[in-house]
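Chain identifiers are assigned alphabetically (A, B, ...) following the order of the sequence lines, protein sequences preceding nucleic acid strands; residue numbering begins at 1 within each chain. Both backbone and side-chain heavy atoms feed into the values below; hydrogens, waters and symmetry mates do not.
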Amino acid sequence: MSTAETTPTHFIRNIISEDLAVGKNNRRVHTRFPPEPNGYLHIGHAKSICLNFGLAAEFGGLCNLRFDDTNPSKEDVEYVESIKSDVRWLGFDWGDREYYASDYFEQLYQYAVQLIKASKAYVCDLSADQIREYRGTLTEPGKDSPYRTRSVAENVDLFQRMRVGEFPDGTRTLRAKIDMASPNLNMRDPVMYRILHAAHHRTGDRWCIYPTYDFAHGQSDSIEGITHSICTLEFEDHRPLYDWFLEQLNIHHPQQIEFARLNLTHTVLSKRKLLQLVQQGHVTGWDDPRMPTLAGFRRRGYTPESIRSFCERIGVAKRNSIVDIAMLEHCLREDLNRRAPRVMAVLRPLRIVITNYPEEQVEELDAVNNPEDPGMGTRKVPFSRVLYIEQEDFREEPPKGFFRLSPGREVRLRYAYIIKCVDVVEDPKTGAVTELRCTYDPDTKSGSAQSNRKVKAILHWVSAAHAIEAEVRLYDHLFTAENPDDVEEGVDWTSNINPKSLETLTSCRVEPFLANASSRSRYQFERLGYFCVDSVDSSDRRLVFNRTVTLRDPWAKIEKAQKKG
RNA sequence: UGGGCGGUCGCCAAGCGGUAAGGCCCCGGACUUUGGAUCCGGUAUCGAAGGUUCGAAUCCUUCCCGCCCAGCCA
């Protein structure tokens with residue numbers, strides 16, 4: 001085995017390697033993850049977090065957590081708290097390097113004054129609408145603002161008066177003096193400061209002018225000594241502007257590198273849309289287990305390891321792409337398969353009576369906790385005369401390829417005996433199967449000398465008298481469409497919401513081992529999937545499980561194909 | 001029709017002039033007291049057309065398609 005195949009490389013890693021090789025930045029690697037605290041982190045952010053923190057760790061560098069909090073009207077401490085806990089949960093540590101663009105407001109202001117004094121910036125009295133008109137279009141150049149030629153002295157005075165609050169919102173801006181004819185619209189005298197009499201979640205009322213992202217971001221990176229400013233594709237057009245600011249200011253110049261943001265099938269990842277899902281009540285909140293937020297995935301039962309593994313595998317490139325959510329689910333199952341203890345739970349109980357099993361007898365059978373990890377030991381599972389099995393494991397008229405129980409057929413109960421269905425009890429009114437009468441073969445007890453008799457199927461089960469009742473929430477993709485945004489005109493993307501994204505089952509039965517299951521603990525319910533104890537609604541009195549993901553299910557696939565014909 | 005960036009298997013993605021990695025999905029088969037896991041095997045000539053070259057996904061030319069930019073959002 002070569003050592004080269006383990007870590008797939010990508011262009012950003014290559015750039016950093018080369019920079020290091022030629023001794024750039026004093027062989028220093030310093031990145032940052034710069035979220036705006038205006039929403040919860042989602043799986044797309046995880047890609048960026050893994051990239052930035054991962055690269056820094058890999059090259060012995062550092063990664064800062066910096067909040068780009070330049071727009072007080074949209075930001076909130078609730079979001080900074082959630083972001084911090086999500087990054088921590090994902091497994092990354094920014095040490096004491098928790099920064100805020102708002103920490104740099106004074107410095108940024110001084111930078112602005114510096115540019116004004118160099119005749120590189122001016123106070124403009126044009127309204128927002130006028131600025132738009134003066135900007136020109138994609139194909140026509142813009143025209144200079146009439147205020148572009150103000151004297152340095154007047155600009156300094158006006159900007160100072162903007163700061164102390166002499167002017168109402170929107171009446172003036174500070175603009176960079178670049179080139180109104182530039183083919184790159186970002187260079188057509190972009191706004192650097194706007195007047196906004198709004199309280200900031202950190203600086204309170206100290207400021208009534210706020211730097212735009214474009215004026216704050218590059219300089220913030222510079223101030224922090226960032227070597228590689230990794231961001232998404234849409235900022236490629238802004239790079240010349242950031243370069244311009246940094247050059248005019250003659251300060252440390254980080255290298256900006258852009259990559260394609262993550263898109264996932266069957267989900268939306270725009271903050272605006274996620275906010276809408278929450279506000280319109282399509283989900284119960286930012287941490288609804290169907291949300292692609294880190295809070296949602298956490299509550300759903302995803303492990304941080306699986307998300308990191310996913311981010312590693314999808315790669316980093318500049319091509320717009322939509323990753324199949326099956327990839328994420330694969331990473332999840334791979335991780336959970338290794339670590340989740342196995343347990344038996346019956347979601348839709350069908351009562352069966354073993355007619356030849358002694359009335360009062362109870363056997364404690366040995367069950368393996370995790371066949372992938374013998375170190376996890378075994379446990380006892382009670383077996384008795386009346387049991388529950390899964391409704392879907394019985395068919396009165398078994399279709400082709402159905403190996404499970406049906407009249408006259410034999411099947412093994414996992415860790416127990418081979419049983420045979422001898423009678424079907426139906427509700428006289430509805431015809432629904434209400435109970436099965438079965439017999440067991442005492443010679444086939446698991447682990448016994450003659451237990452090797454082969455049967456086509458093995459079923460999970462619980463003992464009726466010993467089982468614990470639980471609620472189980474079956475989650476599925478939030479959207480039926482692969483790409484929820486792909487709608488005919490006039491149709492809203494929310495029409496793609498999956499009406500069956502949540503099915504709640506209230507009379508499930510789980511084995512007694514689960515009585516003390518702790519919040520968030522994860523299990524594999526054998527033959528069904530991975531489940532976790534819900535962190536919000538589960539309690540000692542009422543166990544609530546979330547289905548994290550199903551097991552791969554070939555039979556379901558076969559059946560689906562058969563139905564299609 | 002201005003500028004920026006992309007187009008390699010159904011989905012991601014390596015490749016940087018020497019004759020198409022890998023993962024996911026899918027399809028076979030082996031094994032299995034989870035129809036799970038595991039294990040084997042299978043599936044592309046690189047957006048198109050020209051050109052350069054002994055040789056091109058990789059270089060050149062032209063064309064086609066997709067994404068982003070006209071917030072005092074980030």
Side-chain angles (χ1 to χ4, degrees), chain A residues 5 8-10 34-36 38 68 70-71 73-74 124 126-128 131-133 135-142 169-175 182-188 190-196 209-210 212-214 216-217 231-240 258 260 262 265 271-272 310 313-331 333-334 337-338 342 344 368 371-372 401-404 412-416 418 444 446-447 451-460 482 524-529 550-558:
Chain A
E5 28 66 78
T9 193
H10 53 71
E36 183 192 12
N38 69 342
D68 270 336
T70 55
N71 184 357
S73 64
K74 292 188 176 174
C124 181
L126 255 25
S127 69
I131 286 183
R132 191 178 313 120
E133 285 163 24
R135 186 153 33 221
T137 68
L138 294 177
T139 51
E140 305 156 22
D169 288 2
T171 53
R172 281 175 228 265
T173 56
L174 181 74
R175 295 228 257 161
S182 172
N184 181 346
L185 302 208
N186 295 120
M187 301 300 271
R188 321 245 262 227
V191 170
M192 296 162 59
Y193 268 91
R194 67 298 208 179
I195 300 172
L196 240 183
I209 58 172
Y210 291 93
T212 57
Y213 174 85
D214 278 347
H217 190 82
C231 65
T232 43
L233 255 27
E234 67 270 28
F235 294 107
E236 249 169 336
D237 286 344
H238 296 240
R239 180 157 27 101
E258 308 86 5
L262 171 68
T265 59
K271 276 194 185 177
R272 202 200 98 236
F310 170 73
R313 286 199 212 196
I314 54 175
V316 180
K318 298 193 70 157
R319 176 185 342 184
N320 294 106
S321 59
I322 305 177
V323 177
D324 193 333
I325 197 162
M327 178 83 98
L328 213 209
E329 292 169 345
H330 167 80
C331 294
R333 291 192 183 104
E334 180 181 62
N337 176 49
R338 276 193 294 253
R342 267 102 243 231
M344 291 197 283
V368 174
E372 301 295 319
F402 183 86
F403 304 151
R404 282 107 100 151
R412 173 177 285 285
L413 293 181
R414 176 136 235 228
Y415 298 126
I418 288 175
T444 58
S446 282
S451 68
N452 290 329
R453 184 145 67 87
K454 296 294 178 198
V455 287
K456 292 274 259 184
I458 296 145
L459 308 187
H460 60 276
E482 272 206 1
Q524 182 195 103
F525 288 1
E526 292 215 34
R527 303 210 304 131
L528 296 173
T550 61
L551 247 28
R552 289 185 69 226
D553 188 355
W555 168 244
K557 211 171 285 177
I558 293 167

Gap between atoms CZ and P, on A/R333 and B/G23 respectively (whole Å) = 18 Å
ask   = Is there a donor and acceptor pair, one atom on the side chain of A/D237 and one on the base of B/G3, closer than 3.5 Å?
value = yes
request  = Could you check whether A/S321 gets within reach of a base, just the sugar-phosphate, or nothing at all, counting any heavy atom under 4.0 Å?
outcome  = sugar-phosphate
query = Is any side-chain N or O of A/T139 under 3.5 Å from a base N or O of B/U1, one able to act as donor and the other as acceptor?
reply = no
ask   = Between B/G3, B/G6, B/U34, which one does the side chain of A/K318 approach most closely?
value = B/G6
message = Tell me if the side-chain of A/R404 makes a donor-acceptor pair with the base of B/G35, cut-off 3.5 Å, by modelled atom types.
response = yes
key: Considering all heavy atoms, the nearest A/D68-A/H217 contact   = OD2-ND1, 2.8 Å
task = Measure the distance from CE on A/M327 to C1' on B/G10 and round it to the nearest whole Å.
result = 13 Å
inquiry  = Base, sugar-phosphate or nothing for A/Q524? Non-hydrogen atoms, less than 4.0 Å.
reply    = base
task = Determine the interatomic distance between P on B/C67 and the same-named atom on B/G17; round to the nearest Å.
result = 32 Å
request  = Starting from the 5' end of RNA chain B, give me the residue, A/K454 or A/V323, whose nearest nucleotide shows up first.
outcome  = A/V323
query = Roughly how far apart, to the nearest Å, are B/G23 and B/G66 at atom P?
reply = 33 Å
query = Checking all strands, does A/L138 fall into the base, sugar-phosphate, or nothing category for heavy-atom contacts under 4.0 angstrom?
reply = base
Separation of atom CZ in A/R414 from atom P in B/U33, rounded to whole Å = 9 Å
Quick test: give all pairs of protein nitrogen or oxygen and nucleotides 27-29 of chain B nitrogen or oxygen below 3.5 Å, distance rounded to 0.1 Å.
none

key: Between B/G47 and B/A30 - P atom distance, rounded Å   = 39 Å
inquiry  = Taking B/A57 as the reference, what is the distance to B/U52 when you measure between their P atoms (whole Å, please)?
reply    = 16 Å
request  = Describe the nucleic acid contact of A/E236 in one word from base, sugar-phosphate, nothing, applying a heavy-atom distance below 4.0 Å.
outcome  = sugar-phosphate
task = Between B/C46 and B/U8, how far apart are the C1' atoms? Round to whole Å, please.
result = 4 Å
note = A/T444 and A/I418 have their tightest heavy-atom pair at OG1-N, 2.9 Å
request  = Indicate whether OP1 or OP2 belonging to B/C24 is found under 4.0 Å from a side-chain N or O atom of A/H330.
outcome  = yes
key: Rounded distance (Å) that lies between atom P of B/A13 and atom CG of A/L328   = 15 Å
request  = Could you check whether A/R342 gets within reach of a base, just the sugar-phosphate, or nothing at all, counting any heavy atom under 4.0 Å?
outcome  = base
query = Of the candidate nucleotides B/C25, B/G35, B/C68, which contains the atom at the shortest distance from the side chain of A/R552?
reply = B/C25
message = By the 4.0 Å heavy-atom rule, please label A/G447 as base, sugar-phosphate, or nothing.
response = base
Pairwise P distance for B/C16 and B/G22, with rounding to whole Å = 16 Å
key: Shortest non-hydrogen contact from A/I458 toward A/R527   = O-NE, 3.2 Å
Polar atoms only, N or O, under 3.5 Å: list the protein pairs with nucleotides 72-74 of chain B and their distances.
residue	atom	partner	partner atom	Å
B/C72	OP1	A/R135	NH2	3.4
B/C72	OP2	A/R135	NH1	3.1
B/C72	N3	A/G170	O	3.3
B/C72	N4	A/L126	O	2.9
B/C72	N4	A/A128	N	3.0
B/C72	N4	A/G170	O	3.0
B/C73	OP2	A/R194	NE	3.2
B/C73	OP2	A/R194	NH2	2.9
B/C73	O3'	A/R194	NH2	3.3
B/C73	O2'	A/N71	ND2	3.2
B/A74	OP1	A/T70	OG1	2.7
B/A74	OP1	A/R194	NH1	3.4
B/A74	OP1	A/R194	NH2	2.9
B/A74	OP2	A/Y213	N	2.9
B/A74	N6	A/H238	NE2	3.4

task = Could you check how far CD1 of A/I322 sits from C1' of B/G66, rounded to whole Å?
result = 12 Å
task = Grab the CG-P distance between A/L551 and B/U34 for me, whole Å please.
result = 12 Å
ask   = CZ of A/F310 versus P of B/A13: gap in Å, rounded?
value = 11 Å
B/G22 OP1/OP2 closer than 4.0 Å to side-chain N/O of A/R313 = no
task = Nearest whole angstrom, please: distance from the C1' of B/U8 to the NE2 of A/H10.
result = 19 Å
query = So, is A/R319 near the phosphate of B/A13, with a side-chain N or O under 4.0 Å from OP1 or OP2?
reply = yes
task = Based on the glycosidic angle (syn within 90° of 0, else anti), state the conformation of B/G71.
result = syn
Distance, C1' atom - from B/C63 to B/G7, rounded to whole angstrom = 14 Å
inquiry  = Among residues at least two apart in sequence or on other chains, which ones pass side chain to side chain donor-acceptor pair (under 3.5 Å) with A/R239?
reply    = A/E258
ask   = Using atom C1' of each nucleotide, how far apart are B/U45 and B/G55 to the nearest Å?
value = 15 Å
A/K456 side-chain N/O to B/G35 phosphate OP1/OP2 under 4.0 Å = no
task = Mind listing the closest non-hydrogen atom pair of A/R188 and A/T137 along with its distance?
result = NH2-O, 2.7 Å
task = Can you figure out which of B/C68, B/G36, B/C24 approaches the side chain of A/A326 most closely?
result = B/C24
